[in-house]
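Just below is one structure, and these are the notes that go with it.
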Amino acid sequence: MKKFLLLAVATALAVPGICAEDSKNLELPSFVLMDISPNGKYAVSYDDSNLFILNLETLNTNSFIANDPTYMTQYSGGNGNTIANDGTVAGSSTSNGSAAYYKDGKVYLLDVPDPELVNLANAITPDGSVICGQYGNAAMSLDAENIMGLPCVWYRNSDGTYGDIVKLPYPTTDFTGNTPQYITAVSISADGKTVIGQVRDNTGFYHEPIVYTRDDKGEWSYKLFAHQLFNKEGLTYPRMPELEYPMEPYKGDYLNEEEMAAYEAAMEAFNAGQTQEMPDMVDFMSQENVEKFNKDYADFLVADKEYKDAWTEYQTAYDEFMDGIPAFVFNAAYISPDGKRYVTGTAGDNGIWMSQSRRIKSRTDEGIDIEDPGMGDFEETETAVATPYIFDIATGEYTAVASEKGIFPKCITNDYTVFGTYNMLSLPQAVAIPAGSDSYMMLEDYIGSFSPESKDWMKAHMLHDIDTFDPDTWEDITLYDQMCSGIPSVSSDQKVFGTYTTNVWDYDDENYYYSYVIFADKGAGVSAVPATNFNVKALEGGIVRVEGAEATVEIFNAAGAMVFSTRAAGDIATNLSGLYIVRATTADGTVKTVKAAF
């Protein structure tokens with residue numbers, strides 16, 4: 001087997017712009033923290049074709065800079081748990097996907113059947129012994145008859161290189177009975193014996209969870225453990241009608257050359273105003289062709305009704321079959337280190353990223369973007385439909401975590417705590433879903449429950465005032481003291497917490513992204529005792545009463561913007577008037593939400 005060394009482009013240097021101050025915690029300008037190694041020693045950033053591997057102990061980094069004017073070279077990590085305990089990163093190295101891994105300052109290509117197709121390395125075990133991903137099986141196409149990508153693993157050899165590709169078994173049809181677009185392998189368990197992915201259906205809109213397991217003999221098998229969500233009892237996926245689209249007969253086909261000339265002359269006279277009645281081709285046909293046309297038109301009406309009825313019947317059956325099937329996000333598949341939990345989530349829609357406020361600062365009365373006149377006006381809505389699903393792989397049972405503005409999951413740790421991002425489509429904020437819970441809490445509150453000083457550090461570095469606009473009036477407004485915690489990544493043992501976020505608070509700052517690393521060992525602290533008799537009330541005069549426990553109180557106006565935030569218990573004076581939503585969250589994640597009319 002050939003071994004491929006793509007390019008040695010890495011350099012070891014201190015990350016510029018690190019802000020550590022007197023704390024071990026880190027503020028990382030222009031660093032896009034995508035993942036943290038299970039042992040918390042390394043963090044990886046990839047964005048805009050470049051990749052950086054940061055040693056969190058020495059603060060040195062290996063930098064992989066594409067610098068390719070053709071844009072074919074694009075260094076990127078994978079979609080799952082992409083970094084090992086020694087800093088090895090699984091990913092790809094070209095714009096069309098070339099399965100690779102990054103180790104000791106070099107990029108190595110992995111063995112694939114066809115390098116010209118899309119091949120991806122998505123995840124790696126903590127010890128680096130196994131990488132999972134997908135290999136190209138057919139060229140990318142909207143009407144591909146074959147599955148475009150299939151699951152695989154690579155095992156590490158004794159010399160540190162990786163061996164020949166090992167293709168995993170897979171189903172040949174999706175839940176509708178059609179050919180899938182892709183069957184992926186996205187994340188891998190710590191022991192390398194369990195891999196999870198998705199079966200992307202023929203339409204590309206639905207992604208059924210799949211798990212691959214390796215037995216003691218080294219043989220792989222697969223299971224569609226969430227099949228109950230994708231198959232309706234008593235219903236069969238409808239087949240599309242195989243009827244040809246009926247074509248209405250054209251009257252001109254029933255006229256000979258002389259008759260057509262007469263018709264055209266009559267039309268010229270009508271257009272010139274010489275006649276009052278528009279001519280009809282039927283009037284110029286022979287009697288034989290009139291009868292033939294009438295028969296053909298009657299046959300068309302029958303065929304047209306049959307065609308429309310068949311498609312109406314199909315659409316009705318299709319809607320009934322698909323109703324309630326969750327639309328999980330493509331490549332969103334996160335596995336617990338022990339291989340027993342599968343985390344994914346449904347997508348949000350119709351949202352507006354807060355980061356657009358860096359460019360959309362104001363609009364004219366006509367609704368035109370001053371900084372981008374070509375953008376025009378559009379309807380802005382935000383729908384909270386992003387919902388994490390936490391599956392028990394063995395039983396297929398799951399917990400769906402509801403929230404007002406949606407949560408996108410990102411990772412799951414040893415104790416089954418899930419971390420994700422709340423309000424992704426407006427102001428992304430990191431959250432934790434404690435193990436066994438069906439509710440969430442803000443990351444700063446979760447960390448603060450066992451490390452109050454870490455929460456204080458987060459407030460000092462991650463609270464910002466944001467200049468934006470009111471989505472209803474387009475008036476410029478300022479949101480004060482917003483927690484910009486973004487998208488989290490957490491070490492398996494919860495000793496190291498990382499986040500990255502878009503810089504939406506300082507238009508003049510050259511750093512478009514900021515990442516943060518918080519060293520807050522959960523095992524070293526004492527978690528908060530669950531609140532008892534916890535309640536929140538909205539009283540007259542702008543007073544919020546928190547009973548039974550201290551809580552983080554957040555108040556949102558009708559536009560969804562946070563206008564007040566504090567942590568306290570008892571009666572809290574907000575000095576607000578009008579209609580609001582009040583949300584209170586205790587340290588153990590208990591959430592109470594009430595409507596307020598101050």
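Aromatic ring orientation, Y389 versus F391: parallel (interplanar angle below 30°, classes split at 30° and 60°). Note on ring orientation: taking the six-membered ring where Trp is involved, the planes of W311 and Y314 are perpendicular (angle over 60°, cut-offs 30° and 60°). Classification of the Y182-F330 ring pair by plane angle, with boundaries at 30° and 60°, yields tilted.
Geometrically, K410 does not engage F419 in a cation-pi contact defined by less than 6.0 Å to the ring centre and at most 45° from the axis. Because its NZ or CZ atom is both nearer than 6.0 Å to the ring centre of Y416 and within 45° of the ring axis, R341 counts as a cation-pi partner of that residue.
In this structure, N122 contributes its side chain and G78 its backbone to no donor-acceptor pair below 3.5 Å. Proximity of a side-chain donor or acceptor of N202 to a complementary backbone N or O of P180 within less than 3.5 Å is not detected. Without hydrogens or angle criteria, T421 side chain to P428 main chain gives no donor-acceptor distance under 3.5 Å. With Y580 contributing its side chain and S577 its backbone, the two residues share a donor-acceptor pair below 3.5 Å. Without hydrogens or angle criteria, D174 side chain to N178 main chain gives a donor-acceptor distance under 3.5 Å.
E453 CD: more than 12 foreign heavy atoms inside a 6.0 Å radius. Within 6.0 Å of OH on Y480 lie no more than 12 heavy atoms contributed by other residues, nucleotides or ligands. Heavy atoms of other residues, nucleotides or ligands lying less than 6.0 angstrom from CD of Q228 number more than 12.
Side-chain rings of Y514 and W505 approach one another, their centers coming within less than 6.0 Å. Remark: aromatic rings of Y422 and Y440 are close, center separation under 6.0 Å.
For the residue pair T478/D465, the side-chain donor-acceptor check at 3.5 Å is not satisfied. T552 and D445 form a side-chain donor-acceptor contact under 3.5 Å, judged by distance and modelled atom types alone. A donor atom on one side chain and an acceptor atom on the other are found under 3.5 Å apart for Y446 and Q494.
Salt bridge status for K522 with D415: present, with a side-chain N to carboxylate O gap under 4.0 Å. Between E444 and K459, none of the side-chain N atoms (NZ, or NE/NH1/NH2) sits under 4.0 Å from a carboxylate O, so this pair counts as no salt bridge. Ion pairing between R583 and E554 holds under the 4.0 Å rule for side-chain N and carboxylate O.
In this structure the side chain of Y513 reaches within 4.5 angstrom of the side chain of T502, judged on heavy atoms.
Residues A520 and I447 share a closest heavy-atom pair of CB-CG2, 3.8 Å. Annotation for T61 and S63: closest pair CG2-OG, 3.6 Å, computed over non-hydrogen atoms.
Results of the side chain to side chain contact (heavy atoms under 4.5 Å, CB included) test with V401 over P409, S437, S439, P388 single out P388 as the only residue that passes.
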